[in-house]
Structures are given as structure tokens and as C-alpha cells.
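Single-structure report; data block below.
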Amino acid sequence: MVRCVVVPEQDSDAGWVRALDDAGQPLGPVEKVDDLVRAVADRERADGPRWVLPAAGDLYPRLLEADVVLRRCVDLTLTEGLLIAYAGNWGAPRSLAAAWARLMGLPVPDDAAPAARQAQQALFGARVTELPGGAAPVDAAVAVHADQLRRLAAVPQSGLHLLVAAESASALVAAEMTRAGLPWRVDVHHAVLAELLGPRPPAGLPPRRLTELADQVAAAFDGRRVNPDSPADVVQAFTRAGLPISSARSHVLRRLDHPAVAPLLEYKELARLHAANGWAWLETWIRDGRFRPDWIVGGVVSGRWATRGGGALQIPHAVRRAVIADPGHQLIVADAAQLEPRILAALAGDDRMAEAAAATDLYSALAAVAFDGDRSRAKVAMLGTLYGATSGDAAPVIGALRRRFPVAVAYVEAAARDGETGRVVRSLLGRTCPPPSRGWQEAQERASLPGASAADQSRARQTARDRGRFTRNFVVQATAADWTAVLLAALRRRLLAGVAPGAEIVFFQHDEVVLHCPDEVATEAAGAAQEAAQEATRLLFGSTPVRFPFEGRIVRNYADAK
DNA sequence: TGAGAGAGCGCC
DNA sequence: AAAGGGCGCTCTCTCA
């Protein structure tokens, strides 16, 4: 058996399976099984097919609960998302029901938002999901999978196969990470909060330190109460004090010479800690010493992941002290150094830049050949090139970079021009950016009409430039996401093969992976991360001279990794 | 009273 | 760290 489609019955332990060949054609009849988890476990143990799942995130957590680990899968929903974006139908519904409806020429249902889906289930009780046209879900899954394979084969960009596989493997990683959880010491987190904010206040009251700071702010404004949480109030207070400001952002306040500034800045910092990662956060998100957010694979347009719950991708450095390996365990913190510039060097095929990117410190290497050894100028030039810097002072250094590395700079500038003129751009493996927004189209149309005003022209230029910055960055950020997706898949495969028994992926943040493992396999786990990075580099870029350092630091405490 | 926009800030 | 793109989250404030 090569592939096996599996579809759970709604609100039941049962489901359907059907074996398929590598072209997605059925090898036998549909089988109804009463105990779907057990049926999957048996087949996984027997011959480990590539499981074809409507959405791994829906079914896999149930399997993991029963300790059933899948080696390989195809996630039809994620695959559909990649394919429809590639075909220029970005944002169309991606669910199995939607894909099936498109295939059959039926009205396409919207993707149900998770909350809406839950509400609907509560409303209608145990209702089997109905597909457009009344098809059986398992038949729809078989048909959609076969159709996706056909569409994939018709795409000239061969990398999309790799991306589909890596994205599907990522969906398995995501569910496994939620199950494993990030080790979180509530006692240490409490100590951090007590140290910075004072003892825990009764619910609804501010902590002591915030009250003190608010009092100091009031005193600095001649005893007049100012709500530090209200930007409007803060702006008003400084304006009354003869320091007119247009916003209450920290970097604006920092420039002011006034006794309220210092306590106000400290207040803002601590208030955010209290609101975002304080006692309430701990009670909501930490269970049994683990933080378990929901990971949304490809949740960002560039292919980066998003999360739902607990702000998992914005954990402040101050509370990372609470992330501590279990007794007898270590954390492996591996992150890619200067990933995006390296991606550009390899992506553009700029041999001279690739040569510089063979160094451990890319910026120093660039500086040595193009900026008289001035590392900071090399960095400004590189970042300005990647992000489309608008400030005037970046222009001369970007010019110097362009003279020395014309191929790499031309690559992102072509992407920017594509965006400005309304075209879409793609990552190396074929992830496709959204088409221009309606606002962009309207602005361009208005500016092209006879008698368009100067304001219309300028607005059109502005929206075009904005989109150019987006597509310029997209090709690099999305290719970086390609690379990390392949890396995760490669790392997962190594761990499943047993290179570091007991090691688990517990956290992933754009270009950083954290593993949790028994002491005795820490070296092997770190090695696996490094090898996975090398494999990703080889699969994306072949034999590029560009190095992608991905060294895993072995620490007990996450805060010690940086 | 609740929804939604806007401001602000955390992370990469 | 840069500085720009992207997010999620919480707070205030306004409006129905």
C-alpha cells in the first residue's frame, strides 16, 4: 500500500479508509471502520502509508492522544491552499468541501471559521458534515487528492512538490508540538512577576509597582491624574505641559525632556507584561507545566506560521526565564543566523554574494569586499535592500551594494517592480503572494484616467511603492519559510528514525526551533538540527556555497540561549 | 452592553 | 542590534 486516504465520521469513533496508488487511484474498495484510531494505528505499524487527510490539524490530535504517530501525510487543505494561490485564486476557500465543489462545478462553500464551526456543531448536534452534491466525504477526498496530483504535475515549478510535502509534514509537527508543549515553570514565572510588578494583586486591581509608577507620573504632571494606558490622555498631558507630541509611542516619549517620561516608559513596559504575560496568562495557558498554543501552519501570507492562543510568537525575553527543561533534560535552541540575507544570496544565484555568505558572519564578509570593512554600513545596505528602505540615508550604501552585487540586488528589485505593476511573485518553491488589493487597483485606475489630479497620481505611486516593498520582501521571507518548512520535515524524520531518543520539537518561531530532550541525547539532538538545516539547504539550493548556520545551543533555561 | 476601530507593543 | 514587512494581543474610545 502506498497511500491511504482516511476520513473520520463526524462526532463518532468510526471513519472510512481507502488504499490508493501513487497516482491517487484506488487500489481497493472503501472500508468503513468502527474504530478509526485503531485502524490507522494498525496500518501505520504494518506498512506506514502516506496518509491522505482532509486536514491533519483536525484528525491528528486525536491520533496522538492514543499515541499513534504518523510518519508521512498529505494535508488536502494545505495543499489546496498552495495550489489555488499558485493558480491566481488566492484566498479562495481551501477546505475539502470547497475543493470538491470547485472540482464538480458546484457552488463553493466558505471555509468555516473555527469558532463558527464549533457554534454550528453545538447548534446542530451530531451532524455528519455534508458535502456539496451529497457526496460521501471519503469519495470527495479521493477525487480531490487525485485532482491535486494532476494539478501539481501540470505546474512547471517542480519545487511545489517539495513544498506540499514539507507543508504537510509541518502540519504533523504542529500537532505534535501542541501535544508535547513547551516546558513552563509556573513558580519561576511567578518569581519574575513578583520581582518586577510586586505581589500578585486581587483580581481586577493593578499590581503595586504599576500603582507607584502611575503616582510618579501624576506627580510629574503637578498632581494631575493621567491614565498611562490611554494614549490620548498622555498626549494631552504632555501638550498641556508645553511639549506637544503627536503620539504616545515609546520612541516619541523617549526624546522628551520631562520628569514624567521615565516612570511612564517603565509603566508601559510593565503594564504590557502584566496584561500580556502576567498571572492571568499563566492561569489561562499553562497546564501541567506546559504551554500548548495552537500552531497555524502557513497562517501568514509568506508561509510563516501563526499561532492562536497565548501569543506564542511574542513571548517577551523577560519571561523566557520560566522556560526550563525538565529534570534530566535539556533544551536545544537552534536558530538560523542572518537567514534572510543568506536566502537572498542563494536564491538570486549571486556568486559573489554567495561567496561572502559562506562566512559565519555574513555582514563582516560583505563589509570586507564592498564597504572598506565597515560592518554597520554593510548591514544597513543589506537590510535596506531586503526591505525596500525609504529613508534617504540608506540610498548611498544600497548603491554600493548594487555595484558590488548586481545580481542579488537586481533579484529583489525585479520582485519590487512586479509588485508595483500588479503582478504576483513566488517563493523558490512556488508559494505565491496575493494579487494586488482592491485599493491598489482603484488607485491605479483613478490615476490613469484623463484629468487625474496630482493627489491621485501621488496616491497611486504610494500604493504601488507599498506593494513593491511587500513583494520585494515576500520573495525572500517566503523562501526562508520554504527553507524552514523543509528543515522541520527533515528534522522530524531524523527524530522519528531514532537519532535522539526522547527528543521532541517543542517550539518553532520563524527561524528558530527548540527541542526538549533527555540529557544523554542532547548532542545528537543538536546534531540532528544542524543536519536538517544542511538537508534543507541542499534540497532548495543544490550545491550552493552559501552556508546556513543552524547551531543548536544546549541549555537548561531558554533565557540562556541568547 | 458589545462590537469594532485605532493605538501601541511584543516577537521574528 | 539594524528597519521593514508580517503577525497576535490588549487596552481605550466611540458608536449603536
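Chain letters run A, B, ... following the sequence lines, proteins first and then strands; every chain starts at 1.
- With A/Asp335 contributing its side chain and A/Glu512 its backbone, the two residues share no donor-acceptor pair below 3.5 Å.
- Among the nucleotides C/dG4, C/dC7, C/dA2, the one closest to any side-chain atom of A/Tyr363 is C/dA2.
- Atom-to-atom, NE2 of A/His251 to C1' of C/dA3 comes out at 12 Å; the value is rounded to the nearest Å.
- Bounding nucleotides for the chain A contact on DNA chain B, 5' to 3', at a heavy-atom distance below 4.0 Å, are B/dA7 to B/dC12.
- A donor and an acceptor atom sit less than 3.5 Å apart, one in the side chain of A/Gln314 and one in the base of C/dG8.
- Rounded to whole Å, atom C1' of C/dC7 lies 7 Å from atom NE2 of A/His510.
- In this structure, A/Thr307 reaches the sugar-phosphate backbone alone: every heavy-atom distance under 4.0 Å involves primed, P, OP1 or OP2 atoms, never a base.
- Look at CG on A/Leu273: it is 13 Å from P on C/dC11, rounded to the nearest Å.
- If you check every strand for non-hydrogen atoms under 4.0 Å, A/Gly384 touches nothing.
- Counting only distance, with no hydrogens or angles, the side chain of A/Thr544 and the backbone of A/Phe541 share no donor-acceptor pair below 3.5 Å.
- With rounding to whole Å, A/Asn277 atom CG is found 12 Å from C/dC11 atom P.
- Residue A/Arg249 is in sugar-phosphate contact alone, with no base atom involved, counting any heavy-atom pair closer than 4.0 Å across all strands shown.
- If you take CZ of A/Arg304 and C1' of C/dG8, they are 13 Å apart, rounded to a whole angstrom.
- The residue among A/Asn473 and A/Arg375 whose nearest nucleotide of DNA chain C lies closer to the 5′ end is A/Arg375.
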Going through the checks in order, is the side-chain hydrogen bond (donor to acceptor under 3.5 Å, both in side chains) test met by A/Thr471 and A/Asn473? CA-CA 5 Å; A/Thr471 51; A/Asn473 185 244; over 6 Å; no
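- As judged by a 4.0 angstrom heavy-atom cut-off over every strand, A/Gly299 is placed among residues making no nucleic acid contact.
- Judged purely by atom type and a 3.5 angstrom limit, A/Ser437 uses its side chain to pair as donor or acceptor with the backbone of A/Trp440.
- In the displayed structure, A/Glu413 atom CD is contacted under 6.0 Å by more than 12 heavy atoms of other residues, nucleotides or ligands.
- Side chain of A/His274 to backbone of A/Leu193: no donor-acceptor contact under 3.5 angstrom is found.
- Between the C1' atom of C/dG6 and the CD atom of A/Gln509 lies a distance of 13 Å, rounded to the nearest Å.
- No engagement by A/Ala271 is indicated, since no non-hydrogen atom pair under 4.0 Å with the nucleic acid exists.
- With a 6.0 Å cutoff to the six-membered ring centre and a 45° limit on the axis angle, A/Arg240 does not count as a cation-pi contact of A/Phe221.
- Going from atom OH of A/Tyr267 over to atom C1' of C/dT10 covers 12 Å, rounded to whole Å.
- Between A/Arg469 atom CZ and C/dG6 atom P there is a gap of 9 Å when expressed in whole angstrom units.
- Between A/Ser230 and C/dC11, a side-chain N or O to OP1/OP2 separation shorter than 4.0 Å is absent.
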